[in-house]
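To start, the structure under review is shown below, and the notes come after it.
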There are 2 protein chains.
Amino acid sequence: MIDVIIIGGGIAGLETACTLHTQGIESLILEKEKEIGGKLTQWDSLFPSNRNAKELVETYKDEIQKHTITVYVNTKVIAIKKQNDGTFEIFTSREIVFKAKTIVIASGYSIFNAERKEEYGYAIYPNVITSADLEHMFATKKELKAPSGRTLERVAFIHCVGSRDEKVGNHYCSRLCCVTGVKQAIKIRQMLPETHVFNFYMDLRMYGLGFEEMYREAQEKHGVQFIRGRVSEIAQTNEGRLQLKAEDTLAARPVRMQVDMVVLLVGMEAPECNSILGKSCNIQYNAAQFIVPQDIHYSSGITSAEGVFVSGTSIAPLSVFDTINHARSTALAVSNFLMPIQNE
Amino acid sequence: MIDVIIIGGGIAGLETACTLHTQGIESLILEKEKEIGGKLTQWDSLFPSNRNAKELVETYKDEIQKHTITVYVNTKVIAIKKQNDGTFEIFTSREIVFKAKTIVIASGYSIFNAERKEEYGYAIYPNVITSADLEHMFATKKELKAPSGRTLERVAFIHCVGSRDEKVGNHYCSRLCCVTGVKQAIKIRQMLPETHVFNFYMDLRMYGLGFEEMYREAQEKHGVQFIRGRVSEIAQTNEGRLQLKAEDTLAARPVRMQVDMVVLLVGMEAPECNSILGKSCNIQYNAAQFIVPQDIHYSSGITSAEGVFVSGTSIAPLSVFDTINHARSTALAVSNFLMPIQNE
């Protein structure tokens, strides 16, 4: 019987395991992918400091190794069954059945599938990419070009793709696309100073520490152009450029623009497994399939099912700052559940 | 010699003390006001759940009492002196000199003084109030009227007062005024269904869990009207109403409007003491006088001075959710500093 099984080996799961270790509680991590680190393994840099994302992943890998925390990779959780004694059986894609006293759901997030916004032509036009694709290009490519090989004279970013959008059923704000869009726009201007960069937005939600300052710099120092308006359609011209139709809501006039590459700032969605986990251990989750915490202020790591906890973006889109602090908070809640007397 | 002295008895300081207690570390809280609980003691309700703010304060008061954590109220820290052995002497408005191994700065925030935006007429026209004043009215008054006694036919909220504003020297976004404005607008519509409510904004930064949904409800269910534009001036008419001049940037035309009460959504500033504390123990703080953490992702509770930690809004405007999780994270960092061997 393991004290804690953590479902997910992204930053939230790793931090939860490390903090539990400092509390004298051993845990086991189940990760569905072939390596730990979650989405950050494919990220280039973190805002607002431009820190290398891999560096943070490596910090966690070192900690996990140092504390000899067991990780099963390539292990997908299929179902959880609560036992009469209050403990859990966890069924996975492996043949082993894991048994644990408590469970922490750290399932992370999925990236919105941009093909669902057909009008933007993702997976139809080669030069329409997502912010995740661009991040991957930053991390792996030396030279920045459109996927078709075009030189980038003009690039457009489209904010809120798959977020705040009734049509795709996501009413919520993904919270981090705005700052990602500003960060990436600056990076393009730094790599290719001749390239014109346009960001089409609704509200620029630069709420976090250093975000607003970055937005200001993007405009004043880097010459990124911000246009308030939703892009309604993208089509490819005969010359292989991309033609955008939008409305500039501040100038109150329609805009048509040709660019060489479009970057769709895709939102964060709850992963499919949340509803499966939710149903199999009777946890409350919302319409968007994020896990609902017992109380968003004081007990944001505790779910509606006794012995089941939640860490990181399983509750909502969160930044790395938020995720790490939330994971630490969740680990303390688990510790308090397993050792309530020692803690008094 | 005390292990930890916590400067500030708001939510951040209280949560830090409670978490330290679970780690077997005793702390002492110094609070400059006559009671603990910080700004929340004057708040009515917390978003997005509309939870009573006093309930959360009472939860903390109970915890502090249960754990017999010592609190000195009416005690203002004047200076900190680092000793050669790495410990600290803390000089306060009392005659006692406190000695501690570590310090946690949980100094909270100040509310922007709206008189500095003279064009809005705060403290000149009685019916121009701040969001903090309105929150206090919600918490204490049974019937909602303008301070002059006027019936509220029309109310205007002005977002970003003292935030994102070069003229007052605050470039940063205060992050919580938007959601406060939406929450308060809904509350007025609920209390006074005949009253028209207008929110003048630049970007609606409804980034957090449940915020966007609240914004949607404000428009669709509660009929709050949102106008994108900065208000340039407020003047009082002979009839005692307030005349607003603004630009509707979406309609690209000037707006003049008469209302019975104006609510200024005032931002959060770093308290004066941050620079005093910063200087006296050599901690890095930014232009806005928020304390700069060692690293915003992994070590956001650690300052540039060994043995000095930071918790909550001393680093930046943060929500209650953020503050509580950050305070827990900081307490773990303190624990790890004081007991690095036991933690391995």
Side-chain angles (χ1 to χ4, degrees), chain A residues 15 19 21-24 46 48-49 51 56 59 66-67 163-164 171-176 178 201-213 215-216 228 249-252 290 293 295-298 300-301 315-322 324-326 328-329 331-332 335-336 343-344, chain B residues 15 19 21-24 46 48-49 51 56 59 66-67 163-164 171-173 175-176 178 201-213 215-216 228 249-252 290 293 295-298 300-301 315-322 324-326 328-329 331-332 335-336 342-344:
Chain A
E15 177 59 55
T19 301
H21 178 83
T22 69
Q23 305 298 301
L46 303 180
S49 59
R51 170 191 202 154
L56 188 60
T59 301
K66 199 172 85 187
H67 302 326
S163 306
R164 306 179 68 190
H171 287 187
Y172 61 89
C173 162
S174 282
R175 169 174 200 165
L176 302 162
C178 274
Y201 72 99
M202 296 205 291
D203 291 284
L204 264 167
R205 296 196 162 162
M206 303 298 281
Y207 66 91
L209 180 53
F211 293 9
E212 180 69 16
E213 292 80 350
Y215 175 32
R216 213 182 169 85
R228 190 183 185 283
T249 55
L250 295 184
F290 288 105
D295 151 17
I296 192 58
H297 304 111
Y298 195 73
S300 59
I315 63 165
L318 295 177
S319 68
V320 172
F321 165 82
D322 293 324
I324 290 176
N325 290 331
H326 188 250
R328 289 174 184 161
S329 182
L332 288 167
S335 167
N336 195 45
N343 277 348
E344 278 315 302
Chain B
E15 177 58 55
T19 300
H21 178 83
T22 69
Q23 305 299 300
L46 303 180
S49 59
R51 169 190 203 156
L56 188 60
T59 302
K66 200 172 85 188
H67 302 327
S163 306
R164 306 179 67 190
H171 287 188
Y172 61 89
C173 162
R175 170 173 198 167
L176 302 161
C178 274
Y201 72 99
M202 296 205 292
D203 291 284
L204 265 167
R205 297 195 163 164
M206 304 298 281
Y207 65 91
L209 179 53
F211 293 9
E212 180 69 17
E213 292 80 350
Y215 175 32
R216 214 183 170 85
R228 189 182 185 284
T249 54
L250 295 184
F290 289 105
D295 150 18
I296 192 58
H297 303 110
Y298 194 73
S300 59
I315 62 165
L318 295 177
S319 68
V320 172
F321 165 83
D322 293 324
I324 290 176
N325 291 331
H326 188 250
R328 289 174 183 161
S329 182
L332 288 167
S335 167
N336 195 45
Q342 290 93 315
N343 277 347
E344 277 316 302

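The sequence lines fix the lettering, A, B, ..., with proteins before strands; numbering per chain opens at 1. FYI, side chains are in, hydrogens and waters are out, and symmetry mates aren't considered; it's all heavy atoms of this structure.
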Compare all side-chain heavy atoms of B:Asn325 with those of A:Asp322 and state whether any distance is below 4.5 angstrom.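 No, their side chains stay 4.5 Å or more apart.
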
Would you give the length of the straight line joining atom NE2 of A:His297 to atom CZ of B:Arg51, rounded to the nearest 0.5 angstrom?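 Answer rounded to 0.5 Å: 6.5 Å.
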
Side chain, backbone, both or neither: which part of [X] has a non-hydrogen atom closer than 4.5 Å to chain A?
| X | result |
| --- | --- |
| B:Thr59 | side chain |
| B:Thr19 | side chain |
| B:Tyr215 | side chain |
| B:Ile296 | both |
| B:Ser300 | side chain |

Return the minimal non-hydrogen interatomic distance between [X] and [Y], and the atom names on each side.
| X | Y | result |
| --- | --- | --- |
| A:Cys173 | B:Glu212 | N-CB, 3.8 Å |
| B:Ile315 | A:Leu209 | O-CD1, 3.8 Å |
| B:Arg205 | A:Leu204 | NE-O, 2.5 Å |
| B:Arg175 | A:Gly208 | NH1-CA, 4.0 Å |

A:Asp203, A:Leu56, A:Asp295, A:Leu46: which one forms the most heavy-atom pairs within less than 4.5 Å of chain B?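 Winner by heavy-atom pair count: A:Asp203.
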
Interface moiety of A:Leu250 toward chain B, non-hydrogen atoms closer than 4.5 Å: both

Please classify the contact between A:Tyr201 and chain B as side chain, backbone, both or neither, with a heavy-atom cut-off of under 4.5 Å.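 When you check distances to chain B, only side chain atoms of A:Tyr201 fall under 4.5 Å.
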
Can you name the ring pair (Phe, Tyr, Trp, His ring centres under 6.0 Å) partners of B:Tyr298, sequence neighbours left out? A:Tyr60

Could I get the full list of ring pair (Phe, Tyr, Trp, His ring centres under 6.0 Å) partners for B:Tyr207, not counting sequence neighbours? A:Tyr207, B:Phe211

Ranking B:Pro317, B:Ser329, B:Ser49 by heavy-atom pairs under 4.5 Å to chain A gives rank one to B:Ser329

Who wins among B:Met206, B:Met202, B:Glu15, B:Glu213 for the most heavy-atom pairs under 4.5 Å with chain A? B:Met206

